Amino acid sequence: MISSLIDCLVNNVTCLSLIAIFTGLFYYYSTSTYGKWRKLNLPYVPPVPLFGNTFRMMTRLEHPMDTFDKIYNHFPDSKLCGFYQMREPMLLVRDPELINTILVKDFSYFTDHGIDIDTSTSTLAKNLFFATGQKWRTMRQKLSPGFTSGKLKDAYCQINECSDEMVSSIVETIGKDTDRIELKEITGRFSTDVIATCAFGLKLDTIKNGDSEFRRYAKLLFQTTTKQMIVMALSTICPWLIKILRIQLFSLEATNFFSKVFVDVIKYREDHKVVRNDITQTLIQARKELVLQEISTTEDKFSDDDIIGNAVFLFSAGSETISSLLSLCLYELALNKEIQDKLREEIYSMKAKHDGNFNNDYLVDLRYTNMVLEETGRKYSIGLSIGRVATKTYTLPDESFVIEKGQKLFIPMFNIHRDPKYYPDPLRFDPERFSMEQKSQRPNGTYIPFGEGPRQCLGKRFAEAEMKLVLSKVLSKFEVLPCEQTEIPLDIRSGSGLLSPKNELVLKFRPIIEH
Ligand code: HEM
């Protein structure tokens, strides 16, 4: 009896000791990085064990936009401050001049995005955005020819066709029973059709025929799911576990769907010797040089998966981003009638000047439209932030701080774009902020919706041309107005990885007679 009591006690003590040791080790591990900013004497937001400063974000109690807003505003007078994303020490760069130095002048120290992702687990992860070092440099060089102004000119005609389809679809809807149009859906269908035809020669007709698998899967790729949040959390706590278990970050269903489509497109073009002046052709050329001829070195080996991964990335980057920004632009135009009228006046007069040719000169002449789009990109920086990692140790130009190799940087573009120091009354939609005069008064690094420097968005010019063309067509035919279903103010905390309207975005479309 006594011996069994002793056994039980010993067992319990062993068990409790093990739990205590494990808890102690776990606590130590989860907080072991938290001394970094204190030691470096950098202002920082005090972290909580394991979650750092991102507990509410990681548990989805708060949108990332709100989490980073609080961190950004914590130290209004600091150039740099620290925070912890789970246990990862992050350096938040608040100073625009320094941001510009990092992105442009001293880019060679900060060439990578600093996203921890095991590219061997998913075809989709093998794309330019996640690529690092020499592999990024080689692939960027191969893909850039697909986005030159010459290639863009070839795309105008296809973008115009899709814009006409969008106008017809609005006319059809209005002719039926309602003049209310839900913008997220129609702009999403439009941008899906544009990227499919311009980049891959696929005529999807999503606008005419309703939802398509392409649109469904493209949306899926940008959605931040609970699984993704868990994988992201795990990748900062125990990255080795993700590697061992080969956990996929992206939807396998969507990855398989797109992989099959693009394998088929490339195979068809090669088998039938079809040559077109588009992004697929650029990818085929990259495949020839990097995969088939193996021009690359061992440091940057490429496989067919790299080609497919980039095709899928370009497809999704080209559809979801434009659809969000276009919806937000039309929303602001509906709420700001004078700006809309001024924009329409410019479209009419430039159409007359260029005899109705929507060519490059026409687009260059759309100066006010450009200002409207710039202001949309400022107020709604859909990417929220830009990431970089120091690929070499870097001393700040004023020698006040050393950024050590491997340090991840967080560039808060959304917050800079809404900082009253650079943009007074930041929630007011005012394209005049982008007049030559006002622009020249702002420091570099205060306007970066597409990033900046050698790693700037590859599709920037494509995106700008596409939005100018579709606005030209739609606003020539319709006046957009708010209605009782329009959400004011608009909540942009959507569940996708991008900032975009959380709920339906409904506007009233009133046909106008073009003069
Ligand atoms: C309104 C539309 C868009 C916005 C606001 C946007 C924004 C961005 C941003 C902020 C980056 C990161 C830049 C950096 O790290 O400095 C980026 C990268 C990228 N974007 Fe876009 N983008 C848009 C449309 C597009 C389109 C239409 C495409 C292609 C069809 C595209 C392709 C890419 C690629 C390939 C990268 C990675 C570049 C690299 O790492 O070298 N984007 N974009």
Side-chain angles (χ1 to χ4, degrees), residues 93 99-100 102-104 107 110-115 117 124-144 146-148 151-152 155 159 187-188 190-192 194-200 218 221-222 278-280 282-283 286 306 309-329 373-374 376-389 408-414 416-417 445 447-471 497-500:
V93 191
I99 290 177
N100 195 57
I102 288 166
L103 296 180
V104 187
F107 171 77
F110 304 98
T111 54
D112 298 341
H113 276 139
I115 302 167
I117 190 163
L124 227 192
K126 293 182 176 56
N127 66 58
L128 196 64
F129 196 85
F130 295 137
T132 58
Q134 187 53 41
K135 209 163 175 180
W136 166 73
R137 226 164 272 120
T138 308
M139 191 47 95
R140 173 102 190 186
Q141 201 193 5
K142 297 293 167 204
L143 294 187
S144 296
F147 293 87
T148 56
K151 292 270 162 69
L152 266 183
I159 299 176
T187 57
F190 161 77
S191 59
T192 305
V194 169
I195 192 74
T197 172
C198 295
F200 304 102
L221 288 178
F222 263 105
D278 62 6
I279 293 170
T280 303
T282 310
L283 288 165
D306 290 286
N310 274 300
V312 182
F313 179 75
L314 291 173
F315 185 89
S316 46
S319 50
E320 288 307 295
T321 50
I322 306 249
S323 129
S324 296
L325 215 61
L326 191 55
S327 302
L328 293 163
C329 182
L373 287 172
E374 285 185 307
T376 311
R378 177 202 67 83
K379 188 169 173 190
Y380 304 101
S381 319
I382 53 175
L384 193 60
S385 66
I386 294 172
R388 288 288 187 270
V389 61
K408 288 186 186 165
L409 277 61
F410 183 95
I411 298 171
M413 71 165 156
F414 180 84
I416 299 237
H417 291 165
Y447 188 66
I448 45 171
F450 291 94
E452 195 57 91
R455 202 139 192 176
Q456 191 184 46
C457 172
L458 191 61
K460 178 176 184 277
R461 277 191 292 171
F462 183 89
E464 287 166 348
E466 180 174 343
M467 286 191 286
K468 280 185 187 173
L469 287 170
V470 67
L471 284 178
L498 297 173
L499 291 180
S500 62

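Here the structure is a predicted model, which means the values were calculated and not measured. Every number for a ligand or one of its atoms is a count from 1 in the order of the listing.
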Asks: So is Arg388 in contact with ligand 1, going by heavy-atom distances below 4.0 Å?
Replies: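 The answer is yes: ligand 1 sits under 4.0 Å from a heavy atom of Arg388.
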Asks: Evaluate Leu458 against Ser144 for side-chain contact (heavy atoms from CB on, under 4.5 Å), listing each step before the verdict.
Replies: CA-CA 7 Å; Leu458 191 61; Ser144 296; 3.8 Å; yes
Asks: Within the 4.0 Å heavy-atom shell around Glu452, which atoms of ligand 1 are there?
Replies: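 Atoms satisfying the 4.0 Å criterion: 16 (O).
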Asks: Side chain of Arg455, backbone of Phe129: donor and acceptor closer than 3.5 Å?
Replies: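 Between the backbone of Phe129 and the side chain of Arg455 there is a qualifying donor-acceptor contact (under 3.5 Å).
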Asks: Do me a favour and list the nearest non-hydrogen protein atom to atom 27 (C) of ligand 1 with residue, atom name and distance?
Replies: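 Among all protein heavy atoms, the one nearest atom 27 (C) of ligand 1 is Gly318 CA, 3.5 Å.
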Asks: Parallel under 30°, tilted from 30 to 60°, perpendicular over 60°: which one fits the rings of Phe200 and Phe315?
Replies: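 Plane angle between 30° and 60°, so tilted.
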Asks: Find all atoms of ligand 1 within a distance of less than 4.0 Å from any non-hydrogen atom belonging to Phe129, and give their numbers and elements.
Replies: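 Selected atoms, number and element: 12 (C), 18 (C), 37 (C), 40 (O).
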Asks: If you take the centroid of each ring, where Trp contributes its six-membered ring, are Phe130 and His113 closer together than 6.0 Å?
Replies: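 Between Phe130 and His113, which both carry aromatic rings, the centre distance is not below 6.0 Å.
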Asks: Check the side chains of Glu320 and Ser316 for a donor-acceptor pair under 3.5 angstrom, ignoring hydrogens and angles.
Replies: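 Judged by distance alone, the side chains do not pair up.
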Asks: Looking at every non-hydrogen atom in both residues, tell me the closest pair between Ile411 and Ile102 and how far apart they are.
Replies: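 Where Ile411 meets Ile102 most closely, the heavy atoms are CD1-CG2, 4.5 Å.
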Asks: May I ask whether Trp136 has any heavy atom positioned less than 4.0 angstrom from an atom of ligand 1?
Replies: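 Yes, Trp136 has heavy atoms under 4.0 Å from ligand 1.
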Asks: Is it true that a side-chain atom of Thr197 and a backbone atom of Val194 form a donor plus acceptor pair closer than 3.5 Å?
Replies: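 Between the backbone of Val194 and the side chain of Thr197 there is no qualifying donor-acceptor contact (under 3.5 Å).
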Asks: Tell me whether Glu464 is salt-bridged to Lys460, with the criterion being a basic N under 4.0 Å from an acidic carboxylate O.
Replies: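 A salt bridge links Glu464 with Lys460.
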Asks: With heavy atoms under 4.0 Å as the rule, classify the contact between Pro449 and ligand 1 as side chain, backbone, both or neither.
Replies: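 Only the backbone of Pro449 comes within reach of ligand 1.
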Asks: Hey, is the main chain of Ile448 close enough, under 3.5 Å, to the side chain of His417 for a donor-acceptor pair?
Replies: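 Here the side-chain-to-backbone pair exists.
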Asks: Give the numbers and elements of all ligand 1 atoms closer than 4.0 Å to a heavy atom of Ile195.
Replies: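 Those qualifying, in numeric order: 30 (C).
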Asks: Verify, without hydrogens or angle tests, whether Ser385 (side chain) and Met413 (backbone) share a donor-acceptor contact under 3.5 angstrom.
Replies: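 No.
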Asks: Identify which one of Thr111, Val104, Leu103 satisfies the side-chain contact (heavy atoms from CB on, under 4.5 Å) criterion when paired with Phe107.
Replies: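 Output: one option passes, namely Thr111.
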Asks: Could you name all protein N, O or S atoms found under 2.8 Å from atom 21 (Fe) of ligand 1?
Replies: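 Short answer, with waters excluded from the count: Cys457 SG.
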Asks: Side chain, backbone, both or neither: which part of Leu325 comes within less than 4.0 Å of ligand 1 when only heavy atoms are counted?
Replies: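 Leu325 to ligand 1: side-chain contact only, backbone stays beyond 4.0 Å.
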Asks: Which heavy atom of Gly146 sits nearest a heavy atom of Ile279, and at what distance?
Replies: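 Smallest heavy-atom distance, with atoms named: O-CG1, 3.9 Å.
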Asks: What part of Asn127 sits under 4.0 Å from ligand 1 if we count only heavy atoms: the side chain, the backbone, both or neither?
Replies: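 None of Asn127 does.
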Asks: Hey, which atoms in ligand 1 end up nearer than 4.0 Å to a heavy atom of Arg455?
Replies: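 So the atoms of ligand 1 that pass are 13 (C), 14 (C), 15 (O), 16 (O), 39 (C), 40 (O), 41 (O).
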Asks: Can you list the ligand 1 atoms lying under 4.0 Å from a non-hydrogen atom of Arg140?
Replies: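 Heavy-atom distances to Arg140 below 4.0 Å select 38 (C), 39 (C), 41 (O).
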Asks: Looking only at heavy atoms, is any part of His113 under 4.0 Å from ligand 1, and if so is it the side chain, the backbone, or both, or is it neither?
Replies: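 Near ligand 1, His113 shows its side chain, while the N, CA, C and O stay back.
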Asks: Name the closest protein heavy atom to atom 35 (C) of ligand 1, giving the residue it belongs to and the distance to 0.1 Å.
Replies: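 Scanning the protein heavy atoms, the shortest distance from atom 35 (C) of ligand 1 goes to Phe313 CE2, 3.5 Å.
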